[in-house]
A.B. asks: 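One structure follows; several queries about it will come next.
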Amino acid sequence: MKQFKTESKRILDLMINSIYTNKEIFLREIVSNASDAIDKLKFISLTDTKIGSDFKINIAIDKNARTLTIEDNGIGMTDKDLEKNLGTIAESGTLAFKKENAGKSDNELIGQFGVGFYSAFMVADKIEVYTKAYGADKAYKWASAGAEGYTIEETDKEGLGTKIVLYLKADVEDYKYSDYLEEYKISSLIKEYSDYIRYPIQMLTTRSKRKEGSPDDKPEYEQVSELETLNSMVPIWKKPKSEVTEDNLKEFYKNEFHDYQDPLKSVYAKIEGTVTYDTLLFVPQRAPYDYYSKDYKKGVKLYCNGVMIMEKCEQLIPDYFGFIKGIVDSSDLSLNISREILQQDRQVKAIANSLEKKISSELKKMMEDDRENYEKLFAEFGLSIKFGVYAGFGMNKDKLKDFLMFYSSKKEKLVTLAEYVKEMPEGQSEIYYACGESYEKISALPQIEKAKDKGYEILFFKDGVDEFVAKILIDYEGKKFKSVSEADFSLDTEEEKKELDQKREEFKDLLYAVKDALGDKVKEVRLTSKLKTYPVCLTAGGDVSIEMEKVFNSMPNAAGNVKAEKILEISATHKVLDKLKNAVENKDLLKKYAIVLYEQARLLEGLSIDDVTEFVTAMSDII
Ligand code: ADP
């Protein structure tokens, strides 16, 4: 009996006593080893014609013996190989293990190493390996029942390759190892994890078949066993692009990602450069119900040479493109890559960078050539992009600003910032926007009417995050963002400005009196020229806009103490001005007018009434 190397022994212990939840991955590991072994022999077969070409992996179940056998006709192992490969864990793993094994849980450790051959000890208490190597004249049997060690002895074996026999553990209360003796279980695991292995994975499968010659009215059935290939073998992304149709991609998407709707967009690309990989990318039509919640897990399926190594590799997709579904298959990765290692892995980072560029360029193309679908995408996932602009103090804003779209008052549809800026009339130096809960409510803002009349285009900000996005962007192509609700927003010509200034001078005392009547409710009361039919509006003087006040105060745990500095603006051309003027001597009445106007302005801004009793009293008194 030979002893395992120290580190191997610890890993083995870990496997044997594993509480790892995902034990079923052992099959993937064994099958991918088999596939690698065939790859190696296939390579040699290019120059050695004596080797056949009928490469395959065979799986056999023996319920009586409780064994699961996986056999390949690949390169096989010599006794020395057995010693070296199965007596110790991979060198890189050993190093990593020595460095950072302290304080890690099972799951983390298993995740960290990828588990390779030893993972079989999660489900088997005894393993036998029969193998004959290319170029060797003897075959060997390696056997181990776990931690106490292993034996290697000569054996008889026909043909090249390796046969691995797993003696499954006895069932326990919370785990049925005998599941792995069920054909359907094995077949579904192969489909799930190894479907795209390039060699046929075959298993004798039992089917109920109608007996030949049995009468139609009394059909008889018999159990028939047939060799079935469990995997589809050719991954769609390994096919030449010319052979893959749009329909193929759609079908694949629906199957792979369990969606009943076609994707809005499919991309199939083979990338070669600093990193080489094949990728399939999809934009779903609808955001998953939990997309904007913490529960949503982004990520693409990560394959290494056709073997799936991660169901959702989040490192490959930035949060703001979290809606992208897809597959990345690269041969530059190691199969044993794990979640922890992935984060630092150079190749993974390189793929992530390249993938982001690819996604960006595809979305840009979509925006230009397929605007309708891009708008659908933006309706579903635009928020995700907006959060991306805002997140991390705007570190990604330059990458993302061109993906933004806002509803335009003039075009009555979504426009990009580039389009807005391009169509700005001469003399306009800022990007105008207006905030509100819905397009209807924004349209009803008093300031909008006049701006529309004068032919200016206004962007409607209806999502809470929109104004924050504008603040983070600061400007677009040098044009600053300007809210129509800011106090100094003005569309006046020089002449009109002068006129207004004169009027402000003229009504100075009245305006003071109104401010006095309102007290702390407003910071200032002034005349404005921005209104057409409405008598009043509220604007914000300081850094906090009225919209931001609403957003802040609607957040959970809001203390309600974020307040915009409000300015009550009274239309310089509205009849109410005369009424106010006439009431200037009657302090009591003026106060009532002031209150009614102030509360009206709040309502128009989408705020609630500040003091209901005061408002109702003032209102009924006036009537
Ligand atoms: P890894 O596959 O990451 O190297 P494993 O523990 O899974 O780690 O396998 C160790 C080594 O054993 C492999 O690198 C390979 O050389 C050898 N090996 C495993 N399975 C087979 C097989 N079916 N045929 C030939 N060699 C194998």
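In listed order, ligands and their atoms are each counted from 1.
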A.B. asks: Distance alone, cut at 3.5 Å: any donor-acceptor contact between the side chains of Glu24 and Tyr180?
C.D. replies: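 Checked: Glu24/Tyr180 side chains show no N/O donor-acceptor pair below 3.5 Å.
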A.B. asks: How would you list, by chain and number, every residue that makes a ring pair (Phe, Tyr, Trp, His ring centres under 6.0 Å) with Phe323, sequence neighbours excluded?
C.D. replies: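 In terms of ring pair (Phe, Tyr, Trp, His ring centres under 6.0 Å), with neighbours along the sequence ignored, Phe323 is linked to Phe381.
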A.B. asks: For Tyr118 and ligand 1, does the shortest N/O to N/O distance drop below 3.5 Å?
C.D. replies: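 In this structure, Tyr118 places no N or O atom under 3.5 Å from an N or O of ligand 1.
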A.B. asks: Side chains of Tyr175 and Lys169, heavy atoms from C-beta outward: is any pair under 4.5 Å?
C.D. replies: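 With C-beta onward as the side chain, the pair stays apart.
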A.B. asks: Answer side chain, backbone, both or neither: which part of Thr131 comes under 4.0 Å from ligand 1, heavy atoms only.
C.D. replies: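 For Thr131, there is no contact with ligand 1 at all, from either part.
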A.B. asks: Parallel, tilted or perpendicular: which fits the ring planes of Phe282 and Tyr253, with parallel below 30° and perpendicular above 60°?
C.D. replies: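 Tilted.
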A.B. asks: Check each of Asn33, Asp81, Leu82, Asn85 against atom 10 (C) of ligand 1 and report the one with the nearest heavy atom.
C.D. replies: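 When every heavy atom of Asn33, Asp81, Leu82, Asn85 is considered, Asn85 comes closest to atom 10 (C) of ligand 1.
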A.B. asks: Return the option from Ser32, Ala37, Ser35 holding the heavy atom at the smallest distance from atom 25 (C) of ligand 1.
C.D. replies: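 That would be Ala37.
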A.B. asks: Tyr292: what forms a ring pair (Phe, Tyr, Trp, His ring centres under 6.0 Å) with it, not counting sequence neighbours?
C.D. replies: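 Counting only residues at least two positions away or on another chain, Tyr292 forms no ring pair (Phe, Tyr, Trp, His ring centres under 6.0 Å).
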A.B. asks: Charged N to carboxylate O below 4.0 Å: is that the case for Lys63 and Glu182?
C.D. replies: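 Yes, Lys63 and Glu182 are salt-bridged.
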A.B. asks: Which option, Glu29, Met77, Glu71, owns the non-hydrogen atom nearest atom 18 (N) of ligand 1?
C.D. replies: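 It is Met77 whose heavy atom sits nearest to atom 18 (N) of ligand 1.
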A.B. asks: May I ask which of Asp72, Ile70, Val31 has a heavy atom nearer to atom 23 (N) of ligand 1 than the others do?
C.D. replies: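 Considering heavy atoms of Asp72, Ile70, Val31, the nearest to atom 23 (N) of ligand 1 sits in Asp72.
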A.B. asks: Report, in ascending order of atom number, the atoms of ligand 1 lying under 4.0 Å from any heavy atom of Phe117.
C.D. replies: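 Reading through ligand 1 atom by atom, the close ones are 5 (P), 6 (O), 7 (O).
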